[in-house]
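Report on the structure given below.
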Amino acid sequence: MSAPALVTRREIELSEPHPSLAIYSTLSKRKEPFRTVEPGKVGIYLCGPTVYDKAHIGHMVGPVIFDCIKRYLKYCGYQVTWVVNITDVDDKLIHKAGERGISMLQVAEENIADYMGNLAALGVDQVDHFPRATECMGDIVAIIESLIDRGYAYASEGDVYFDVTKDPQYGKLSNRTLDAIQGDGGGTAERKRSAADFALWKSAKPGEPSWDSPWGKGRPGWHIECSAMSKKLLGETFDIHGGGLDLVFPHHENEIAQSECCHGKPFAIYWAHNGLLRRDASAGKIGGRAERERSPSPPHKAGDGIASAHKAGDGIAGPDGIAGPDEQVSGKMSRSKGAGGLAALIAHQGGQRIRFFLLRTHYRSTVLFSEEAIEEAAVGLETFYRLFKRYHRITRGDFYHLSAPAHRSEDTAAAASGHAALAAAAVCKQKFLAAMDDDFNTGAAIGELFELAKIANRFCDEHNLEGGGADNATMGDLTMLMATIKELSNILGLFLKPPALPGGHVANEALLGKVMQLVIDLRAEARKAKNFATADAIRDGLASAGVKLEDRAGGTEWSGGDAATLERVVQLLINLRQTARQNKDYAASDAIRHRLGEIGVKLEDRGGETEWVR
RNA sequence: GGCGCCGUAGCCAAGUGGCUAAGGCAUCGGAUUGCAAAUCCGACAUCGUGGGUUCGACUCCCACCGGCGCCUCCA
């Protein structure tokens with residue numbers, strides 16, 4: 001009966017190793033040269049979320065690093081297929097649906113929308129497939145049947161369990177022995193042959209969502225969907241399987257058992273697990289047990305109040321999933337909130353900062369996460385934005401549209417023949433690639449990006465590019481330096497496009513209000529000093545910016561303006577200051593700069609013109 | 001209790017058995033600027049503690065201290 005089962009796994013032959021790339025695998029517990037199942041092709045499967053609630057920042061770690069991994073593998077010439085599964089059927093979803101009085105599918109749809117919005121904001125756009133468990137029932141049932149046929153699984157009162165004692169390799173990923181595994185001692189324990197057996201199929205209780213199967217109505221166990229989906233989209237053996245470190249056991253251990261017992265050959269070649277995020281040095285992972293138990297009010301989480309307030313009229317999945325304006329307004333609140341505030345966090349930090357923050361640390365490390373930490377990291381990011389502006393000032397070229405090599409090549413020729421700066425940049429590129437080759441060390445790679453920024457800035461300084469030294473050949477060299485930065489930052493998915501303004505429109509309007517108040521004050525002071533030329537210049541300047549002033553008894557009111565007003569009003573102030581400087585009235589010019597500074601606008605004099613940044 | 005991981009400057013964070021222990025933030029000098037900002041140059045660590053292996057360890061081994069994960073849902 002179970003005679004044909006329990007076959008030993010057949011080894012499979014892999015491609016020649018990549019000459020330099022090595023990946024750490026949880027399975028072998030060491031870095032291994034990278035070989036693929038099929039030459040030139042890579043299949044990646046990343047465990048995505050169970051969509052019973054809004055995503056938290058911890059859910060983004062895997063997608064961000066794997067987005068880089070895919071970009072890098074493509075850069076190295078591989079054809080990559082990346083799958084991220086969505087678990088849209090599970091006990092928690094059922095409970096949540098019951099709580100809220102909507103269907104499980106509705107719960108899933110809402111949270112999937114939220115998840116997708118978060119991914120997009122962080123620049124994760126390399127995923128090829130997002131299979132959902134509910135869309136793969138046929139594949140799931142087929143694998144379970146096959147496991148029963150082969151003697152690895154057994155049906156029991158409508159449930160189906162995997163018999164871990166039949167798999168001699170069970171425990172190899174998480175390095176544990178059968179007697180070290182307690183299993184869940186819950187209500188289904190008596191249906192199992194041994195405590196460590198896990199469910200492949202769970203019979204439905206009345207009223208629960210269910211699917212037909214040879215064992216009656218029910219739903220899949222947590223692990224089996226991944227075996228089914230990866231087989232469907234990537235084949236029985238594929239290259240890289242990823243997920244959070246907390247999934248090693250039991251989830252991934254069980255996936256291996258299911259798939260390898262079913263197919264008789266290796267499941268995934270490399271297991272890449274990302275480290276977990278923590279809030280404090282002694283806090284436990286975000287979204288983890290400790291955090292949940294600490295929270296004093298169990299029924300409602302951070303986002304719920306906001307969400308429900310808006311839900312009243314608008315039926316199905318509201319705007320919550322994509323950082324609606326309500327969440328921006330309440331951004332301050334979310335600072336102290338935990339899981340659930342991701343959309344709000346993105347709304348006022350911007351996805352690029354978060355991505356950069358996550359990439360500064362090696363993906364297997366634990367990261368202490370806080371909004372303050374993101375803000376600190378973001379200071380460094382400004383170096384690049386300033387450099388891009390500088391590049392534009394000098395060449396009128398747009399960094400974001402620079403063309404850069406999409407594939408890896410050792411351009412030693414350019415290094416040897418070029419100037420010192422180009423040679424130095426080539427060394428940085430080599431180090432950058434060496435870092436990525438070494439288990440995707442994005443932290444070290446980013447260090448080289450900073451080094452490149454310094455080289456480019458120094459090049460501009462040394463050749464006096466902003467003071468008239470910009471001949472075509474020199475600008476061409478500068479463009480080559482910038483293109484190297486472009487080429488490498490593309491791999492990390494950074495600087496793909498200009499960063500969204502932190503805070504978006506809300507912050508813009510707040511700033512415009514402050515700037516307008518300053519302008520009105522300055523005009524009032526000018527009038528008081530009978531400096532009518534200045535006062536009128538202000539009013540005329542505002543008029544051409546679309547703003548009307550009306551002097552009232554209680555003060556001056558303003559109206560009008562559009563999206564471009566902020567820029568034009570600040571420009572007006574810059575012009576006023578410029579006039580004062582030309583008249584050597586430094587007291588007046590410095591006062592303008594100082595008062596702008598107080599409301600968060602910094603002025604920077606460059607070459608002939610003045611720039612402002614918030 | 002079992003299986004693992006981490007501890008590098010004020011903070012964040014790479015890294016290596018032996019060259020100057022990346023990079024970022026902060027700080028302090030200098031150049032530059034009318035003054036600033038930005039930019040550049042320079043300064044700033046002996047790698048948790050105690051042993052051991054070695055010609056030589058921060059890097060390997062052991063112990064201890066501190067922190068974390070998994071062993072039940074979890075990215």
Side-chain angles (χ1 to χ4, degrees), chain A residues 26 29 46-50 52-53 55-65 84 87 90-92 171 174-177 179-186 195-196 222 242-251 253 273-278 280-292 339 356-357 360-362 364-368 372-373 375-383 386-387 389-390 428 431 435 438 441-451 453-454 456-462 466 581 584 586-587 589-590 593-594 597 602-606 610-613:
Chain A
T26 308
K29 283 148 195 76
L46 175 70
C47 279
T50 301
Y52 65 94
D53 204 347
H56 60 252
I57 181 74
H59 289 119
M60 297 294 112
V61 181
V64 167
I65 181 61
V84 176
T87 301
D90 146 286
D91 291 354
K92 285 185 180 172
S174 57
N175 190 25
R176 49 195 92 196
T177 55
D179 44 282
I181 297 166
Q182 297 164 6
D184 71 47
W222 175 32
L245 220 31
D246 52 353
L247 295 183
V248 173
F249 188 91
H251 187 49
E253 191 69 69
H273 289 102
N274 60 266
L276 306 176
L277 257 38
R278 272 196 274 156
D280 300 298
S282 54
K285 70 185 180 185
I286 284 177
R289 175 171 30 193
E291 194 166 82
R292 285 196 304 273
F356 179 71
F357 171 77
R360 286 164 71 215
T361 310
H362 186 94
R364 272 188 286 117
S365 307
T366 300
V367 173
L368 297 187
E372 289 70 23
E375 280 169 356
E376 196 210 290
V379 176
L381 217 37
E382 298 298 325
T383 297
R386 278 188 228 104
L387 174 60
K389 281 189 195 164
R390 190 179 198 186
C428 285
K431 287 185 179 173
D438 185 9
N441 190 339
T442 54
I446 283 175
E448 297 308 318
L449 239 34
F450 275 101
E451 206 54 44
K454 180 169 289 189
N457 271 317
R458 190 192 298 142
F459 186 83
C460 294
D461 284 358
E462 283 175 353
E466 287 182 277
R581 291 177 75 200
K584 299 267 194 265
Y586 292 121
S589 70
D590 287 354
R593 183 174 63 196
H594 177 73
K602 281 187 283 187
L603 295 190
E604 301 178 4
D605 296 331
R606 353 221 56 140
T610 299
E611 287 199 349
W612 70 278
V613 290

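Both backbone and side-chain heavy atoms feed into the values below; hydrogens, waters and symmetry mates do not. Quick note on labels: first sequence line is chain A, next is B, and so on, each numbered from 1.
With B:A14, B:G34, B:A75 as the choices, the nucleotide that has an atom nearest any side-chain atom of A:Ala444 turns out to be B:A14. Of the candidate nucleotides B:C70, B:U39, B:A14, B:U39 has the atom lying nearest to any side-chain atom of A:Asn457. Nearest to the side chain of A:Arg278, among B:A22, B:C11, B:C68, sits B:C68. When distances are taken from the side chain of A:Arg606 to each of B:A22, B:A38, B:C35, the shortest belongs to B:A38.
Within the 4.0 angstrom heavy-atom criterion, only backbone atoms of the sugar-phosphate kind lie near A:Arg390; the bases stay farther away. As judged by a 4.0 angstrom heavy-atom cut-off over every strand, A:Glu376 is placed among the base-contacting residues. Within the nucleic acid shown, A:Pro63 has no heavy atom closer than 4.0 Å to any nucleic acid atom. Within the 4.0 angstrom heavy-atom criterion, only backbone atoms of the sugar-phosphate kind lie near A:Val379; the bases stay farther away. Among the protein residues, A:Gly58 comes within range of the nucleic acid bases, having at least one heavy atom under 4.0 Å from a base atom.
A:Asp590 is linked by a salt bridge (charged side-chain N to carboxylate O under 4.0 Å, His left out) to A:Arg593, counting only residues two or more places apart in sequence or in another chain. With sequence neighbours left out, the salt bridge (charged side-chain N to carboxylate O under 4.0 Å, His left out) criterion links A:Arg364 to A:Asp439.
Regarding A:Glu604, its CD atom lies at a distance of 10 Å from the P atom of B:A37, rounded to whole Å. A straight line from NZ of A:Lys285 to P of B:A75 spans 8 Å, rounded to a whole angstrom. To the nearest angstrom, C1' of B:A38 lies 10 Å from CG of A:Asp461.
Contact of A:Arg360 with B:A13 (side chain to base): no donor-acceptor pair of N or O atoms is detected under 3.5 Å. Side-chain atoms of A:Asn441 and base atoms of B:G15 include no donor and acceptor less than 3.5 Å apart.
Closest-nucleotide positions on RNA chain B for A:Phe450 and A:Arg581 were compared, and the one nearer the 5' end corresponds to A:Phe450.
Taking atom P in both B:A13 and B:G4, the straight-line distance is 25 Å, to the nearest Å.
With hydrogens and angles left out, the side-chain atoms of A:Thr50 and A:Asp90 include no donor and acceptor closer than 3.5 Å.
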